[in-house]
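Here, residue 1 is the first one in the sequence, and each next residue gets the next number. Both counts, for ligands and for their atoms, begin at 1 and track the order of listing.
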Amino acid sequence: MDDRIASSANPLFDTLVVIGPGLIGASVLHRARRDGTLARRLIAVDVNPVFRDRVRELGIADEVTGDAASAVADADCVMLCVPVGAMGEVAATVVPAMRSGAILTDTGSTKVAVIEAIKPSLRPDISYVPAHPMAGTEFSGPDAGFATLFDDRWCLLTPLQDVSSDSAVEAVETLWQRCGARTRTMAPEHHDRVCAIVSHLPHLLAFTICGTADDLADQTRSEVLDFAASGFRDFTRIAASDPIMWRDIFLSNREAILEMLARFMEDAQAMARAIRWDDSDYIVDRIERGRQIRRSLIGNHQA
Ligand SMILES: NC(=O)c1ccc[n+]([C@@H]2O[C@H](COP(=O)([O-])OP(=O)(O)OC[C@H]3O[C@@H](n4cnc5c(N)ncnc54)[C@H](O)[C@@H]3O)[C@@H](O)[C@H]2O)c1
Ligand SMILES: O=C(O)C(=O)C[C@]1(C(=O)O)C=C[C@@H](O)C=C1
């Protein structure tokens with residue numbers, strides 16, 4: 001581990017720079033402020049002046065700036081929390097300005113495309129550790145952040161042999177554990193397929209079902225909205241998520257999402273056939289599997 005990265009009783013880093021203090025970045029900053037175990041000095045960088053003012057008002061960073069290159073000059077760790085489609089451009093701005101031995105990490109929801117976008121900017125004396133906290137809400141921007149967002153959630157790390165030093169992987173893992181998360185390491189391609197089914201496809205379905213309901217005839221639409229109980233409402237919660245973030249996720253994990261969508265559509269067709277032909281056993285079997293998954297998820301969470 002770099003000698004500027006302190007031991008466990010002390011803050012992990014001297015200076016941590018969060019680029020894009022929205023839901024995820026601001027949550028990391030809140031946690032860092034609350035516990036004092038992540039970094040002695042916190043710097044937030046955002047392109048949006050309104051968000052910079054909000055971060056200042058929230059008091060979750062020691063410095064707030066729009067100048068990413070000067071902000072990272074003395075950082076031990078730079079965390080990119082911008083939309084997936086902006087990662088490459090931001091890395092190209094900050095990596096040349098980072099000090100030798102520093103760590104670069106990101107929180108992007110897709111990994112293969114983000115790694116491809118960042119890799120061309122890397123230097124041999126900078127370690128890059130891609131990561132993805134599996135936690136979020138439908139809200140975005142600095143006001144959405146809160147210190148406990150990552151408690152008992154997974155953070156998936158997809159280190160790369162050629163650019164992620166062991167000490168940097170250990171430091172990023174410790175950072176997420178100090179944010180309250182459990183960590184797991186996997187290959188970027190595997191990450192993208194897993195997230196396509198457990199995160200990206202559910203969002204695609206939620207956006208689509210809300211659009212379909214909205215396209216229905218006027219009277220039905222108002223009934224949908226008036227009488228929507230928890231089933232439809234559960235879809236609308238995730239359908240309220242940020243359009244830019246989700247556009248970037250869909251376009252950057254295209255193949256895995258299309259593969260999972262095709263499998264889903266085959267299964268939905270099978271369900272349609274079972275309904276058409278009164279195949280009660282098939283219908284009950286599928287619903288029973290859904291129930292079991294829900295029970296095992298809740299059981300795991302409580303455990
Ligand atoms: N929202 C979630 O549930 C969630 C969960 C895990 C990971 N992620 C990933 O984490 C990243 C951040 O997501 P979020 O939900 O916090 O987004 P967000 O929209 O809440 O925040 C993004 C921030 O980045 C800023 N920004 C955009 N371009 C920038 C640039 N070029 N330079 C500096 N700042 C810039 C925005 O102004 C905003 O403050 C994304 O890559 C997303 O895929 C999101
Ligand atoms: O809980 C939510 O609202 C989320 O959308 C969080 C969620 C998810 O799908 O689980 C969304 C995107 C991420 O990359 C990680 C987590």
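Here the shortest heavy-atom distance to atom 5 (C) of ligand 1, taken over Pro83, Ala135, Gly136, belongs to Ala135. Comparing heavy-atom distances from atom 41 (O) of ligand 1 across Asp248, Asp143, Val82 singles out Val82 as nearest. Looking at His200, Arg153, Arg237, it is Arg237 that brings a heavy atom closest to atom 3 (O) of ligand 2. With distances taken over non-hydrogen atoms, the option nearest atom 4 (C) of ligand 2 out of His132, Met245, Glu138, His203 is His203.
Checked by atom type, the side-chain pair Ser164/Ser127 shows no donor-acceptor distance below 3.5 Å. The closest side-chain donor-acceptor pair between Ser241 and Glu138, if any, does not fall under 3.5 angstrom. Inspection of the Thr110 and Asn253 side chains reveals no N or O donor paired with an N or O acceptor under 3.5 Å. In this structure, a donor-acceptor pair under 3.5 Å is absent between the side chains of Thr212 and Asp215.
Counting atoms of ligand 2 from 1 in the listed order, those under 4.0 Å from a heavy atom of Thr137 are 2 (C), 3 (O). Ligand 1 places these atoms under 4.0 Å from at least one heavy atom of Ile19: 33 (C). Near Ser109, with a cut-off below 4.0 Å to any heavy atom, the atoms of ligand 2 are 13 (C), 14 (O). Each of the atoms 41 (O) of ligand 1 lies under 4.0 Å from some heavy atom of Met87. Close approach to Val84 involves these atoms of ligand 1, each under 4.0 Å from a residue heavy atom: 41 (O), 43 (O). Listed by number with element, the atoms of ligand 1 under 4.0 angstrom from any heavy atom of His132 are 6 (C), 7 (C). Close contacts between ligand 1 and Val47 involve ligand atoms 26 (N), 28 (N), 29 (C), 30 (C), 31 (N), 32 (N), 33 (C), 34 (N), 35 (C) [criterion: under 4.0 Å to a heavy atom]. In the vicinity of Ser140, heavy-atom distances shorter than 4.0 Å reach the ligand 1 atoms 18 (P), 19 (O), 20 (O).
Checked against a 3.5 angstrom limit, the closest N/O atoms of Asp242 and ligand 1 fall outside it.
Protein heavy atom closest to atom 1 (O) of ligand 2, with residue, atom name and distance, is Gly136 O, 3.1 Å. For atom 10 (O) of ligand 2, the closest heavy atom belonging to the protein is Ser199 OG, 4.2 Å. In terms of protein heavy-atom proximity, atom 16 (C) of ligand 2 is closest to Ala135 N, 3.8 Å. Nearest protein heavy-atom neighbour of atom 16 (O) of ligand 1: Ile24 N, 2.8 Å.
Contacts with ligand 2 closer than 4.0 Å are made by side-chain heavy atoms of Trp246 only, the backbone lying farther away.
Heavy-atom neighbours of Asp166 CG from other residues, nucleotides or ligands within 6.0 Å: at or below the threshold of 12.
Distance check on atom 3 (O) of ligand 1: some protein heavy atom falls below the 4.0 Å cut-off.
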